[in-house]
Amino acid sequence: MSVQGVIIGLEVHVQLTSLKTKLFCGCSSDYRGKEPNTLVCPVCLGLPGALPVLNRKALEYAVMAALALNCKVSKRMFFFRKNYFYPDMPKNFQISQYDRAGGVPLAVNGYLTIEDQNRVKKIRISRIHLEEDPGRLVHLGPIDQSPYTLVDYNRAGIALLEVVTEPDFNSPKEARLFLQKLRSILEHLGVFDGSLEGAMRCDANISLEGGTRVEIKNITSFKEVERALNFEILRQRDLLEKGISVKRETRHWDEARRITVSLRTKEEEQDYRYFPEPDLVPIVLSEEFIKDVKRRMPELPEARMRRFMLSYGLPRYDAEVLVSSKDLADFFEECVKIYNKPKKISNWMMSDLLRCLYENNLELKESKITPQSLVEMIQLIEEGTISVKIAKKILPTMILTGRSPREIVESEGLTKITSRKLLSELIATVFRENPKAVRDALTNEKAVHFLVGQLMKKTKGKADPALANEMIKEMLEAVRRKEGSSKASTPSQ
Ligand code: ADP
Ligand code: MG
Ligand code: ZN
């Protein structure tokens, strides 16, 4: 689904969250929720004389990611210093890679395919860099109203992968699909956990009708990327319609106000004075090293999708939705392990479970539902203890509280009504309250459904649907017979 005249390119920053330590020192990389400025050392604080040493595991992970994104990995490269003066960088430069001045990125010329409404599209990846994350600036409220800035260097030096795409997207939705797929791939590789706050951040470049491009900096989630781009399309369209040309500039996405605001124009762009980092030796990757990484690469989403279709007999669409998130796919396989009804499980996951998570703004990981409890719920339906309707009703409780479905239905008295005696009393009441519908139901199927609906309403969805249907038909038949005989007994004129 492309939007007329829209061109978008992404620069994505991904933390290699599975690493135990930072990119160039032994400090712990587990910085979230930690006391500020406690995970620091002379290297990541940039104290004089401190020397960086490259984290070998980071290099391995980065190469693995590059291979999974179909890139050509560089055999020999070195790091650069990107110089700038800003409080988030204690060294006043960031160790990064550069694709000019004789520099080569970690990897180049990859691609990823995305699928939108059965159309497959190839998004080219121009290059991948390995670099260090800056520190975190903390503000009181919105950045432009905060009376001060606090700085936390615990994040300074965390290993980041920068993935740069060609301007191959033609809609904000395509950009979101790409980011989703990128996340799923990196999670399958075991190098990244996208549920961690700020683990994937994105700069989006966008131009309209072949005009000047604008860069939106530091967007923090897929949803926000799509929103920011949609806003930017409207803003640029509006300018073009008024005959004003779009300025080449960097803008900031204000999540709270849902607008982009100008940060700086091209004239104010900094010159980073890149030069080779003299404290690190060049990286030389042997053919064996790359082969070895390739050999140890786990199953990727695409292969997993084919396996889901083959071994579980899932339709392509189901398999695709499930592998779009590693958590979802793992959850599904856990369910199948304990209850071998893949399609049934997939149906519940893809419709009600996903909708319910979305409505509560939760990721599967953040919710309390377990494969055991979802399976138990499906089994309660199968064994006739609850109706589908009740299952749908208790699912949110399972997600929010983690209570077992059996316990919920028992404590809240939600099990199905299967007593013929009770049902026949209830149906008799429904008939009494709806005499016109009963008359119509003798000739009209729709009115029968109406009566079933009334019974369900009365029992809050607990009447056994099959039995209720059968008994209502029986009781209608009785009415018909009675009417027939009373007609016969009236003397004809
Ligand atoms: P620069 O060196 O100016 O940063 P890059 O080649 O690194 O330029 O591109 C930066 C990003 O801008 C890439 O993601 C690329 O896809 C994107 N981009 C390039 N041209 C356009 C365009 N006309 N419209 C939208 N995005 C673009
Ligand atoms: Mg660039
Ligand atoms: Zn350190």
Side-chain angles (χ1 to χ4, degrees), residues 193 195 308 312 314 318 321-427 429-430 433 449-472:
D193 177 357
S195 69
F308 278 15
Y312 302 128
L314 290 186
D318 290 43
V321 172
L322 292 174
V323 304
S324 71
S325 142
K326 180 168 185 292
D327 282 341
L328 210 57
D330 289 348
F331 190 97
F332 167 77
E333 289 208 277
E334 278 305 309
C335 288
V336 174
K337 244 188 245 160
I338 43 182
Y339 189 54
N340 193 17
K341 299 231 170 155
K343 180 59 181 150
K344 235 182 202 122
I345 291 163
S346 153
N347 284 348
W348 275 101
M349 287 185 65
M350 305 221 319
S351 53
D352 296 274
L353 179 58
L354 282 182
R355 192 187 47 244
C356 207
L357 289 171
Y358 178 81
E359 283 167 0
N360 288 289
N361 200 16
L362 285 176
E363 293 223 16
L364 181 56
K365 217 182 225 169
E366 300 164 324
S367 91
K368 299 255 175 65
I369 194 168
T370 61
Q372 287 73 17
S373 65
L374 183 70
V375 163
E376 189 178 289
M377 185 198 82
I378 297 173
Q379 286 169 334
L380 286 173
I381 304 170
E382 303 273 286
E383 71 190 31
T385 307
I386 58 171
S387 60
V388 167
K389 211 166 166 171
I390 293 296
K392 285 179 197 254
K393 202 164 132 182
I394 63 170
L395 194 59
T397 313
M398 292 162 56
I399 286 171
L400 295 173
T401 66
R403 285 166 67 193
S404 105
R406 196 175 287 280
E407 194 255 306
I408 299 171
V409 298
E410 274 166 12
S411 72
E412 290 174 27
L414 295 173
T415 49
K416 247 192 242 176
I417 302 174
T418 50
S419 146
R420 290 189 79 96
K421 184 165 173 293
L422 182 53
L423 279 178
S424 80
E425 279 163 20
L426 289 165
I427 295 171
T429 315
V430 169
E433 288 168 359
H449 293 320
F450 173 80
L451 291 171
V452 174
Q454 291 303 304
L455 177 66
M456 285 300 175
K457 209 162 142 192
K458 215 176 244 329
T459 58
K460 299 200 173 70
K462 292 188 289 181
D464 180 301
L467 186 59
N469 253 301
E470 186 194 307
M471 289 185 60
I472 284 180

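For clarity, every value in this text was computed on a predicted model and none was experimentally measured.
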How far does [atom1] of [X] sit from [atom2] of [Y], to the nearest 0.5 angstrom?
X	Y	atom1	atom2	answer
Leu374	Glu334	CG	CD	12.5 Å
Lys365	Asp327	NZ	CG	4.5 Å
Thr370	Glu376	OG1	CD	8.5 Å
Ile386	Asp464	CD1	CG	12.0 Å
Leu364	Asp330	CG	CG	9.5 Å
Thr397	Ile408	OG1	CD1	5.0 Å

To check you understand the geometry: which heavy-atom pair defines the closest contact between [X] and [Y], and what is its length?
X	Y	result
Lys458	Leu426	CD-CD2, 4.2 Å
Arg420	Met471	O-CE, 3.4 Å
Ser195	Asp193	OG-OD1, 2.7 Å
Met456	Ala463	CE-O, 3.1 Å
Pro405	Ile394	CB-CD1, 3.8 Å
Lys393	Lys460	NZ-O, 4.3 Å

Do [X] and [Y] touch side chain to side chain, with heavy atoms closer than 4.5 Å?
X	Y	value
Met377	Met398	yes
Gln379	Lys341	no
Ile345	Phe331	no
Trp348	Lys392	yes
Leu451	Ile427	no
Ser367	Leu357	yes
Val321	Leu354	yes

### Query
After noting the C-alpha distance and the side-chain angles of Arg403 and Glu412, does the key distance pass the salt bridge (charged side-chain N to carboxylate O under 4.0 Å, His left out) rule?
CA-CA 12 Å; Arg403 285 166 67 193; Glu412 290 174 27; 3.6 Å; yes

### Query
Should we count NZ of Lys343 as having more than 12 external heavy atoms under 6.0 Å?
yes

Does the [X] side chain pair with the main chain of [Y], one donor and one acceptor, at a distance under 3.5 Å?
X	Y	value
Ser346	Pro342	no
Ser373	Ile369	no
Ser387	Gly461	yes

### Message
Check this for me, if you would: do Arg406 and Glu383 make a salt bridge, where the nitrogen-to-carboxylate-oxygen distance has to be below 4.0 angstrom?
### Response
yes

### Message
Tell me whether Lys337 is salt-bridged to Glu333, with the criterion being a basic N under 4.0 Å from an acidic carboxylate O.
### Response
no

### Query
Please walk me through it: do Leu314 and Leu322 pass side-chain contact (heavy atoms from CB on, under 4.5 Å)?
CA-CA 10 Å; Leu314 290 186; Leu322 292 174; 3.7 Å; yes

#### Entry: Single hit among Ile399, Leu362, Leu400 for side-chain contact (heavy atoms from CB on, under 4.5 Å) with Cys356
Ile399

### Task
Please lay out, stage by stage, how Leu467 and Ile417 fare under the test side-chain contact (heavy atoms from CB on, under 4.5 Å).
CA-CA 9 Å; Leu467 186 59; Ile417 302 174; over 6 Å; no

### Task
Look at the rings of Phe308 and Phe332 and say which category their plane angle falls in: under 30° parallel, 30 to 60° tilted, over 60° perpendicular.
tilted

